[in-house]
Amino acid sequence: MPHRQPAPLPPAWADQLLRLFCPEDLQEELLGDLHEQFDRQVAELGETPARRRYIREVIRFCRPYFIARQLSVQTAQKTSYSPHSSLSPLMLSNYFKIALRIFRKDTTFALINLIGLATGLAVALLIIQYVRFELSYEATNPLANRIVRLTMDYLNGGALDAQDAETYNPIGPKAKQEMNEVVNYTRAKPFTKRLTIQLGDRYYVVDQALAVDSSFFAMFNYPLIRAARTSIFTRPRQVVLTQTMALTYFGTLDVLGKTLNVSRPQNKILLEIVGVVPDSPANTHLKFDMLFSYPTLQSDFDQKEEDWNGNNLYTYVQLAENANYERFTKSLAAFSDRLIKEKKITSERVIGQKIGDIHLYSHKTYETEPNGDAQSVYFLMGVAFLVLLSAFVNYVNLTTAKATDRAKEIGMRKVIGSTLAQIRTQVFLETVFINGIAGVLAIGLVAALRSVFVQMAGLPEGFTVFGDVFFWQSLAAFLVLSSCLSGLYPAFVLSTFEPLTVLKGNFSRSSKGVFLRKTLVVFQLTITLILLVQTFTVYQQVAFLRKQNLGLRMDHTLVVKAPVGTNSEQAYESFRQMLLAQSQVRSVAYSGTVPGLVSSQMGTSTGVNLSDAVRKTYYNFYITPIDTSFIDLMGIRLLAGRNFDATTRYGFSDTTDRQLIVNEETLRLWEIPTPQQAIGKRVDLWGHQATIRGVVKNYHYESPKSAFIPIILLYSPHLSSFASVKFTSGNAEEHLATLKRIYEANFSHSPFNYFFLDSEYDKQYKADDRFQQVFGGLTGFAILISCLGLFGLATFTVSKRTKEIGIRKVIGASTINLLVLLSKDFIRTVWLSILIGLPVTYFLVNNWLANYATRIELSWWLFAGPALLVFVMVLLSIGSKTIASALMNPVNSLRSE
Amino acid sequence: MGRTYLGEFEELVLLTVALLNGTAYGLNIADELKQRSNRSINLSGVHVALYRLEEKGFVKSELGGATTARGGRRKRLFSITAYGKRTLDEMRQVRNDLWEAIPNLSFS
């Protein structure tokens, strides 16, 4: 017999799909036609294309006509046993009625399901919005995929020492010149000294001003709302305002040709407004209020064209349309090597990063703003999903547990003549119905929680939730998902009851269902346990950070920003003396930065070495000028040598006797073993020599989250940036008023800007605080949901065993006996979830803590505590019901039925 | 009661049913249409049109004999009803009248 291959068959799942959608009476002919067509196409085109066409054809069959046909009563004429199709309007109203009746009969269960689903949905929706916002950075820029930020890596003896987001001025133009892949570049130099704008007799301080090249507008997708005809940003002293700034300054957008007066200590410069752009969106890493033409830097801010001495600006390059990123990385490395060979940069390397990656993945020094963290974002998303899943688990568990209660109803329906499809549809539609209500409740919850959430998660203030189409899309998607996940299983379980057994009355719970239910409870408890351990750890870690000895004293300290528009030593001195004359003022210190401001406010330098060093190193040192009272006022401990005093010489022109105070970390890097040995050592600094006259103990300039940084303190009695004023304890309001009065007496023309040192320092913890709050909130919801579920299950178990309890009581069981008996099963699940949860959470917690330079030791109770808490939680959820029934008079429980 | 509406595609299908007289079923109607009208026809569209035509009373159907090619499934054979035939005739008449009413057919 000749060997014959069996004819290929179309995919079975496609047929299954068709059966799902098409009315039963049409299935035979439709499948017939489809199969015939398939056979023909296999012969003509081959098997794979035929299958593909088959699937496409089947999907086309899922069209409204067939659904409508199923809905129509017409089928009634063709089937004798079912008076109505399972989706006819009559049946629908019937399902609805039954659903309402079940609701009324067992409000507790309905409420547990509703509250669980609604909170789960609301949490998931909010987190999704947050995640979407965090992921949307630079998404509005159509060129985002082709724009790369060039940054610098500091190397020390080949090892990576630090990463800096800023680069040298000539890198951009040079990159365009030397690399084929680069078609455009723009530099963005932030003004670290805040600029003051004078308009008539009003002064404004510009928070974020950038000097940029003219290509900036094209690369960063800023359309000019108003633009002068002159070529923009080719000449010095041109400025572009954001819409908001234009309105603030002039009250109108028609500001072209108007001028802004920038007042500076030495002189004033007049800027011509040549354009207006829209405000920076919240989801970009490079935000600004005002843009200057790059040539302004050269004309008025002493910026040299080829300056390789400082890297103080951001450089962005635009890649050619067909450029391959991998290849670009290679030519960037070659470009960097060339610069090293030419000695333009030493011990540094140019590195590129896509701008879309900056917000979530870049944590370099001198970032434009504190960035987000991809890990936490995805982590929160995962947790939100788990909370939602937990709500589904509740629904499935409670519905299948209650199935026995409904078995009679379903058995009866079957006997009367319901089809399987009708019962499934009914149960499924009940889920859809409950989910629908839960969805409405969730919207209400989101509305209620929105403002708290926006604040907690650090979202921009005007963050819209309901105005966003995506919100409704995700709500719809979640409802479909939750209807399917929580509705399908109960629908199938409930429809399989054998009417005969059920109605005869000897129906018992299937062991399979119980097993699934237990598995789900274990799953839910495991999630809760993991979240609890995480929350404990996060709280502990944040508290630990806050408890750290900072090496600083920041209480009762107000900080004023240096006045603008004056350079008068006399005014500074008079300000200081007037303050000191106040009885509540303990001391006043002028400095370049204050602790708690991001370290990027400090200058850095890599080329600082001991003069007698054998080997040159290139560590990144943080340098800041202070006066004689700074160390004392901040409570920094002097370990060796002397503080600066009035005889210390200052000024950058002075080359003979520059004096330095350094911290311990600096000594460590210079390999000086003790503070005493450091005193008197000579240091090369910017081509000059200086002497170490003091060593201070390490202190946390930034949050203790990060490691100690090497700090070099220079002497300068000028009020260049900040004046810190320490008050004796007392009323903060009063102090502020005093400070303001004295400030205005001396610097009447300049706006008064102040902050409390400790609250500014606390901002360092903001990211951790947020994470802690959002995480704590999520955990709270997770616990709420699993408690609800457990409570529901306990209620159910107890109600099933009322009679048993009664009998046991009559025989002589004590309340404790009964409690143990009834909670035994739940306790076992708790053990199991602890067994599963603890290793997982140990791994997760360890991973998270690795991000912190200063971190807590993991102790046993960080795990034991949450485990115990889960125990208590389970006991409380199930206990109340159990005890109530155990205390019940057996006469009542036995008389029931 | 007004006249039952007959869509353009439905009309084509109805004509094909009339053409294939007695041997018309989903797949061969689709093939015939594909050949004659040179447009992409999918099976589901043809079926929906057929069922609609049946609901409107233009065609009637019966299940034919099973063939092995279709996995033992029967086909539904469609044939035009007298009402369907009459409707087609009327439509043709209306169109003819309209064509003749156009004063000059040369659009130069």
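Please read all numbers here as calculations on a predicted model, not as lab measurements. In what follows, chains are A, B, ... by sequence order, proteins preceding strands, each numbered from 1.
- For the salt bridge (Lys or Arg N to Asp or Glu O under 4.0 Å) test, no residue two or more places apart in sequence or in another chain qualifies with A/Asp15.
- The two atoms that bring A/Glu28 and B/Arg73 nearest to each other are O-CD, 3.4 Å, heavy atoms only.
- Expressed to the nearest 0.5 Å, how far CD1 of B/Ile29 lies from CG of A/Asp33 amounts to 8.5 Å.
- Contacts between A/Arg53 and chain B at a heavy-atom distance below 4.5 Å are absent for every atom of the residue.
- Distance alone, capped at 3.5 Å, is enough to place a donor-acceptor pair between the A/Glu57 side chain and the B/Leu43 backbone.
- A 6.0 Å sphere centred on CZ of B/Arg36 holds no more than 12 heavy atoms belonging to other residues, nucleotides or ligands.
- Heavy atoms of B/Asn28 lying under 4.5 Å from chain A are absent altogether.
- For chain A, the option among B/Asp31, B/Leu63, B/Leu27, B/Val48 with the highest count of heavy-atom pairs below 4.5 Å is B/Leu27.
- For the ring pair (Phe, Tyr, Trp, His ring centres under 6.0 Å) test, no residue two or more places apart in sequence or in another chain qualifies with B/Phe78.
- Considering all non-hydrogen atoms of both residues, B/Ser44 and A/Arg60 come closest at OG-CB, 3.4 Å.
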